[in-house]
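Here is the structure we will look at.
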Protein chains: 2
Amino acid sequence: MSRDGTKVDARVGANAPADYDPSKYAPSAITTDLALLTIRNGRLAVLLVERAAAPFAGYWALPGGFVRPDEDLDTAATRELAEETGIDVHDWHVEQLRTYGAPERDPRMRVLSVAYVVFMPTDARPVAGSAATRARFWAIDDLTASVSEGALDDAVSELSDHAKATPSLAFDHACILADAVERVRAKLEYTTLAASFLDEPFTLSELRHVYETVWDCRLDTGNFRRKVLSADGFVVSTGSQCSTAGRPAALYTRGAARALSPPLVRPGNES
Amino acid sequence: MSRDGTKVDARVGANAPADYDPSKYAPSAITTDLALLTIRNGRLAVLLVERAAAPFAGYWALPGGFVRPDEDLDTAATRELAEETGIDVHDWHVEQLRTYGAPERDPRMRVLSVAYVVFMPTDARPVAGSAATRARFWAIDDLTASVSEGALDDAVSELSDHAKATPSLAFDHACILADAVERVRAKLEYTTLAASFLDEPFTLSELRHVYETVWDCRLDTGNFRRKVLSADGFVVSTGSQCSTAGRPAALYTRGAARALSPPLVRPGNES
DNA sequence: GGAATAGTGTCTTTTAGACATTATGTA
DNA sequence: TACATAATGTCTAAAAGACACTATTCC
């Protein structure tokens with residue numbers, strides 16, 4: 001970090017209090033980290049990349065990286081995702097989660113992380129790691145064990161690509177991921193974002209499975225159908241059908257509504 | 001910003017992609033800005049400070065300032081509030097809102113702002129500006145006009161302390177404030193935070209007035225009472241009463257419940 | 001008594017939960 | 001036909017909205 005006192009003072013001092021001291025206002029590095037969530041094989045999953053270099057070499061982490069000097073935060077998040085995993089967010093829903101800034105969260109230096117959540121459709125998409133990283137999806141269930149144990153007490157450098165072991169995540173990414181999952185669970189209640197986990201067109205059963213997977217519960221088919229179809233603009237009928245093992249199901253696309261009012265309440269959600 | 005390539009590379013490079021270039025990862029200054037909201041004279045109000053120095057000298061702004069090198073973000077937010085206005089957040093509810101990072105949001109240099117929302121009880125509290133700043137509450141209604149007009153097209157350096165004119169806010173603080181107000185409106189629906197705008201003990205009428213003020217609507221007294229009293233842990237009866245112009249009202253304190261499920265839905269909230 | 005505010009009761013409408021039942025395809 | 005899944009119908013219980021009404025204070 002620069003200690004060029006006069007220069008920093010000229011640019012920063014105007015907003016500083018009377019007891020201004022340049023050494024107290026050292027800038028920080030900024031990263032974006034991104035929890036890309038989707039439904040894979042009937043389970044809620046997140047995309048992780050394996051770190052090649054220290055710190056946390058060999059650990060799995062949320063994709064992300066440093067924000068460039070003249071780059072918007074949202075732009076940085078999607079750019080880093082594309083660079084590390086080859087994934088383009090297209091028109092998917094991307095929203096800021098929150099910012100993590102504990103002074104010791106990165107052992108190298110002070111690093112702030114602006115975290116994002118992405119709702120990716122369930123379509124099986126190839127994931128290409130870059131030269132430096134491998135990338136794969138992990139079921140949330142297979143990671144939550146390590147959340148409660150903390151992120152620093154397990155060396156996982158021998159993990160194979162298909163290992164069943166639950167890896168510890170780099171940095172505070174287990175906390176970020178837990179917050180992201182809770183955000184998604186809450187958002188399904190009062191928004192129509194569940195549909196953004198599906199490729200179009202989709203059936204009402206598929207939409208119900210999204211809720212059942214994310215909330216880890218069972219929903220009554222009739223009541224769910226009544227609720228979704230009575231919510232104006234949640235889904236739009238295409239008129240066509242899809243053939244399955246049983247009776248063909250009607251196909252729908254996403255409607256224009258974003259909010260869901262009154263909400264679809266998650267069972268067992270007592271105050 | 002330092003251009004000491006080797007040193008920066010050694011500390012930052014481990015997380016960077018293969019095409020790493022130190023000049024692309026320049027650090028940024030970090031501020032916290034804080035929207036302290038309360039009910040003043042029956043209106044939703046926010047605490048602003050008048051800027052003494054450039055940029056935006058004479059403009060009103062959210063209290064806030066630079067985060068210190070080894071300081072937690074939450075700590076920085078409450079420290080800056082105390083320094084600029086003499087207000088201690090005590091046990092009030094403080095929550096992170098979101099982070100604002102548009103590259104040109106500060107004309108001096110790249111500055112990220114991590115914004116917070118505070119729910120302050122309505123108690124008339126003295127607000128002391130520091131040596132560099134004046135501080136006062138503004139009704140949200142008196143500021144929203146300037147939100148839609150943008151924050152840069154009005155010089156307000158002549159504004160007196162009791163001016164009725166609607167000032168333009170410094171930086172992108174009008175956007176931050178708009179997001180904060182919307183956050184509060186939403187939170188009253190599915191949390192018990194409305195009670196944190198009141199001093200204890202309070203009456204159910206006072207609690208209803210909080211909702212009516214924040215949502216700008218009228219609520220039926222009987223239905224509101226039924227809803228609040230049936231929500232377990234929202235309020236706790238003290239057994240005592242308070243005398244007003246009419247029949248004495250029963251007094252309550254805040255209960256232990258944080259979530260409100262099912263929610264108290266805001267009228268005219270159609271999807 | 002009258003004004004003002006607090007608190008209760010009740011009727012109706014809406015919505016949600018818990019099913020039973022019918023429909024329509026494939027093996 | 002058996003089976004699997006989609007779609008509909010119905011009964012009940014709970015909650016919300018719209019009131020009318022009663023209660024208790026101060027003047």
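Just so it is clear, the values below take in all heavy atoms, side chains as well, and ignore hydrogens, waters and symmetry mates. Predicted model, so just to flag it, every value in this text is computed and none were measured. Proteins come first, then strands; the chains are lettered A, B, ... in the order of their sequence lines, and each starts at number 1.
Taking only distance into account, the side chain of B:Asp220 never meets the base of D:dA16 through a donor-acceptor pair shorter than 3.5 Å. Between the side chain of A:Arg226 and the base of C:dG17, a donor-acceptor pair under 3.5 Å is found.
Between B:Tyr211 and B:Trp215, the ring planes lie perpendicular to each other; the angle is over 60°, past the 30° to 60° tilted range.
Distance B:Arg225 CZ to D:dA18 P: 19 Å, rounded to the nearest Å. Here C:dG17 presents its P atom at 16 Å from CZ of A:Arg218, a figure rounded to the nearest Å. Put simply, CD on B:Glu189 is 16 Å from C1' on D:dA15, counting in whole angstrom units. In this structure, A:Leu251 places its CG atom 14 Å from C1' of D:dA7, rounding to the nearest Å.
The side chain of B:Arg247 places no N or O atom within less than 4.0 Å of a non-bridging phosphate oxygen (OP1 or OP2) of C:dA4. A sub-4.0 Å separation between OP1 or OP2 of D:dA6 and a side-chain N or O of A:Ser205 is present. The side chain of B:Ser243 places no N or O atom within less than 4.0 Å of a non-bridging phosphate oxygen (OP1 or OP2) of D:dT25. Considering only side-chain N and O atoms, B:Lys227 lies under 4.0 angstrom from the phosphate OP1 or OP2 of D:dA16.
Contacts of A:Ala249 with the nucleic acid, taken as non-hydrogen atoms under 4.0 Å apart, involve only primed sugar atoms and P, OP1 or OP2. Contact annotation for A:Thr221: no contact, since no heavy-atom pair falls under 4.0 Å across all strands.
Remark: B:Arg98 qualifies as a cation-pi partner of B:Tyr100 under the 6.0 Å distance and 45° angle criteria applied to the six-membered ring.
In summary, B:Arg43 and B:Asp142 engage in a salt bridge, as defined by a charged side-chain N under 4.0 Å from a carboxylate O. Salt bridge status for B:Glu50 with B:Arg136: absent, with no side-chain N to carboxylate O gap under 4.0 Å.
Ranking D:dA18, C:dG17, C:dA6 by closeness to the A:Val265 side chain, first place goes to C:dG17. Taking the side chain of A:Thr244 as heavy atoms from C-beta on, and the options D:dT25, D:dT5, C:dG17, the nearest nucleotide is D:dT5.
Within 6.0 Å of CG on A:Asp74 lie more than 12 heavy atoms contributed by other residues, nucleotides or ligands.
Mapping A:Gln241 and B:Tyr252 onto DNA chain C by nearest heavy atom places B:Tyr252 closer to the 5' end of the strand. Nearer the 5' end of DNA chain D, as judged by each residue's closest nucleotide, is the contact made by A:Gly246, out of A:Leu204 and A:Gly246.
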